[in-house]
Amino acid sequence: MAELTVVKCGGHTAVEPRAVCRDLAWLRSTGHRVVLVHGGSVDIDRFADRLGVPRRRLRATNGTVARHTDQAMLEVVQLALGGVVKPRFVSELAKVSVPAAGLTGMDAGLVLARRKAVTRTVVDGRVVVVRDNHAGLIERVNTPLLRQMLASDVVPVLSPPAITEDGAAVNVDADRMAAAVASALSATSLIMLTAAPGVLRDPHDEASVLPVCHVDGGTADAELAGGMAVKVHAGERALRTGVPRVVVADGRLDHPVRAAMEGGGTTLKRASDGVRRHG
Ligand SMILES: Nc1ncnc2c1ncn2[C@@H]1O[C@H](COP(=O)(O)OP(=O)(O)O)[C@@H](O)[C@H]1O
Ligand SMILES: CC(=O)N[C@@H](CCC(=O)OP(=O)(O)O)C(=O)O
């Protein structure tokens with residue numbers, strides 16, 4: 001069976017869809033089947049500002065910060081990811097003769113999620129309950145459609161939102177979606193492109209990129225902040241659920257996918273595997 005690579009592309013403006021798509025064409029020419037999962041938090045922010053939809057953050061009791069996806073923001077997420085970012089990737093793939101189909105996790109129930117009914121957030125030191133947050137956790141990926149697309153030589157271009165059992169849109173993190181898709185399809189590699197050279201030991205020092213980062217539950221070889229903490233946890237989950245190779249790599253390069261496939265960026269390893277191997 002041909003190798004199957006899931007590439008996740010973040011929304012930072014320094015990550016060029018054209019360069020990513022050119023490399024996906026190259027990857028296919030080497031015999032890989034390819035799935036692209038994209039986020040686009042920067043575009044969501046930009047659209048929210050343009051439409052005058054307030055951007056709010058939820059700060060969990062453990063200090064993590066996430067988008068508050070109220071009804072108006074959910075519409076912005078759908079508009080930005082489904083209406084702007086996704087067509088951009090489909091268009092760039094078409095330009096390099098790669099047939100692609102853009103779908104959100106809602107289409108054909110591709111990514112099922114459970115909405116968190118209440119979210120606890122810290123405001124001015126007090127815990128407040130929020131009930132209008134349309135965000136949740138991925139439960140299942142519906143693989144038959146993805147397999148059919150791959151068998152027809154079509155590249156699925158996927159993104160949030162996901163869908164609940166009763167048909168409601170729910171915002172989910174794109175890194176977690178990529179990890180869930182990679183494990184559901186038993187992908188051979190998950191490449192997570194972002195606007196950093198990989199996982200940095202020190203987030204403020206681009207020269208401190210780790211060739212290998214060992215992860216174990218909440219701990220890693222590096223200081224992880226913000227989006228990188230989510231990315232590494234998603235990557236760890238992919239490893240745990242059978243994806244043999246997970247790489248966090250620089251999406252800003254001329255050949256971002258190729259560089260990652262050829263050893264660039266940071267390969268994530270489960271700490272327990274390291275102990276078994278070296279112990
Ligand atoms: N240890 C780290 N190594 C690399 N980047 C880090 C680290 N800690 C925090 N970051 C930040 O996390 C960002 C990646 O997360 P995020 O912005 O959510 O990416 P994306 O939109 O590509 O999913 C990097 O651009 C960087 O600013
Ligand atoms: C629940 C949640 O946080 N969803 C994300 C979805 C987009 C995303 O993940 O985009 P990046 O890959 O660019 O970060 C959000 O609303 O920003």
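Order of listing sets the numbers, starting from 1, for every ligand and every atom in it. Keep in mind the model is a prediction, meaning the values are calculated, not measured.
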*Examine the proximity of ligand 1 to Glu223 and report which part, side chain or backbone, both or neither, has a heavy atom under 4.0 Å away.*
backbone
*Answer yes or no for Gly40: is there a heavy-atom contact with ligand 2 below 4.0 Å?*
yes
*Tell me which protein heavy atom sits closest to atom 18 (O) of ligand 1, plus the residue, atom name and distance to 0.1 Å.*
Gly227 CA, 3.1 Å
_With nothing but distance in play, are any N or O atoms of Ala225 less than 3.5 Å from an N or O of ligand 1?_
yes
_Just to confirm my output: which protein heavy-atom neighbour is closest to atom 7 (C) of ligand 2, and how far is it?_
Ile44 CD1, 3.9 Å
*Judging by distance only, is a nitrogen or oxygen of Ala135 under 3.5 angstrom from one on ligand 2?*
no
*Which ligand 2 atoms, with their elements, are less than 4.0 angstrom from a heavy-atom of Lys8?*
11 (P), 12 (O)
_Testing the basics here: between Gly102 and Val90, what is the closest heavy-atom pair and its distance to 0.1 Å?_
N-CG2, 4.0 Å
*asked:* Looking only at distances, can you tell me whether any N or O atom of Arg67, backbone or side chain, sits closer than 3.5 Å to an N or O atom of ligand 2?
replied: yes
_Side-chain donor or acceptor of Ser183 paired with backbone N/O of Ala238 under 3.5 Å_ = no
*What is the minimum heavy-atom distance between Ala195 and His12, and which atoms define it?*
CB-CG, 3.5 Å
_Taking distance alone, with N or O pairs closer than 3.5 Å, would you say Pro203 contacts ligand 1?_
no
_Is it the case that over 12 heavy atoms from other parts of the model lie below 6.0 angstrom from the CZ atom of Arg252?_
yes
*Check whether any heavy atom of Lys8 sits under 4.0 Å from an atom of ligand 1.*
yes
_Salt bridge check, Arg245 against Glu3: does any charged N sit closer than 4.0 Å to a carboxylate O?_
no
*Determine whether any heavy atom of Gly39 lies closer than 4.0 Å to an atom of ligand 1.*
no
*In ligand 1, which numbered atoms sit nearer than 4.0 Å to a non-hydrogen atom of Val199?*
3 (N)
*Verify the contact flag for atom 14 (C) of ligand 1, where contact means a protein heavy atom under 4.0 Å away.*
yes
*asked:* Starting from atom 26 (C) of ligand 1, what is the nearest protein heavy atom, named by residue and atom, and what distance separates them?
replied: Ala196 CB, 4.8 Å
*Is Gly198 near ligand 1, meaning one of its heavy atoms is under 4.0 Å from it?*
yes
*Using a strict cut-off of less than 4.0 Å between a Lys/Arg side-chain nitrogen and an Asp/Glu carboxylate oxygen, indicate whether Arg46 and Asp43 qualify as a salt bridge.*
yes
*Using modelled atom types only, decide if a donor and an acceptor are shared between the side chain of Thr64 and the backbone of Ala60 within a distance under 3.5 Å.*
no
*Identify, for atom 22 (O) of ligand 1, the protein heavy atom at the shortest distance, and state residue, atom and that distance.*
Thr194 OG1, 2.7 Å
*Would you check if there is a donor-acceptor pair between the side chains of His32 and Thr5 at a distance under 3.5 Å?*
yes
*If you measure every N/O of Ala174 against every N/O of ligand 2, is any gap under 3.5 Å?*
yes
*Run through Ile191, Thr266, Leu239, Thr267 and flag the one making a side chain to side chain contact (heavy atoms under 4.5 Å, CB included) with Val246.*
Leu239
*Find all atoms of ligand 1 within a distance of less than 4.0 Å from any non-hydrogen atom belonging to Gly10, and give their numbers and elements.*
20 (P), 21 (O), 22 (O)
*Examine the proximity of ligand 1 to Lys231 and report which part, side chain or backbone, both or neither, has a heavy atom under 4.0 Å away.*
side chain
*Do His68 and Asn133 have a side chain donor and acceptor closer than 3.5 Å?*
no
*Given the rule in the side chain to side chain contact (heavy atoms under 4.5 Å, CB included) test, do Leu110 and Leu103 qualify, once you have shown the distances and angles that lead to the verdict?*
CA-CA 9 Å; Leu110 270 180; Leu103 299 166; 3.6 Å; yes
*Please state which protein non-hydrogen atom is closest to atom 25 (O) of ligand 1 and give its distance, to 0.1 Å?*
Ala195 O, 3.5 Å
_Testing the 3.5 Å rule here: is there a donor-acceptor pair between the side chains of His255 and Asp23?_
yes
*Work out which heavy atom in Pro244 is nearest to a heavy atom in Ala187; give both atom names and the distance.*
CD-O, 3.4 Å
*For Lys8 and His38, does a side-chain donor sit closer than 3.5 Å to a side-chain acceptor?*
no
*May I ask you to identify the nearest protein heavy atom to atom 5 (N) of ligand 1, giving residue, atom name and distance to one decimal place in Å?*
Met228 CE, 3.4 Å
*Backbone, side chain, both or neither: what part of Asp175 comes under 4.0 angstrom of ligand 1, heavy atoms only?*
side chain
*Which protein non-hydrogen atom lies closest to atom 3 (N) of ligand 1, naming both residue and atom, and how far is it?*
Leu200 N, 2.8 Å
*Of the protein's non-hydrogen atoms, which lies at the shortest distance from atom 2 (C) of ligand 2, and what is that distance?*
Asn171 ND2, 3.7 Å
*Could you tell me whether the side chain of Ser152 and the main chain of Val154 form a donor-acceptor pair under 3.5 Å?*
no
_Option with minimal heavy-atom separation from atom 6 (C) of ligand 2, where the choices are Val77, Val172, Leu137_ = Val172
*Which is closest to atom 14 (O) of ligand 2 in terms of heavy atoms, Ala66, Ala162, Ser41?*
Ser41
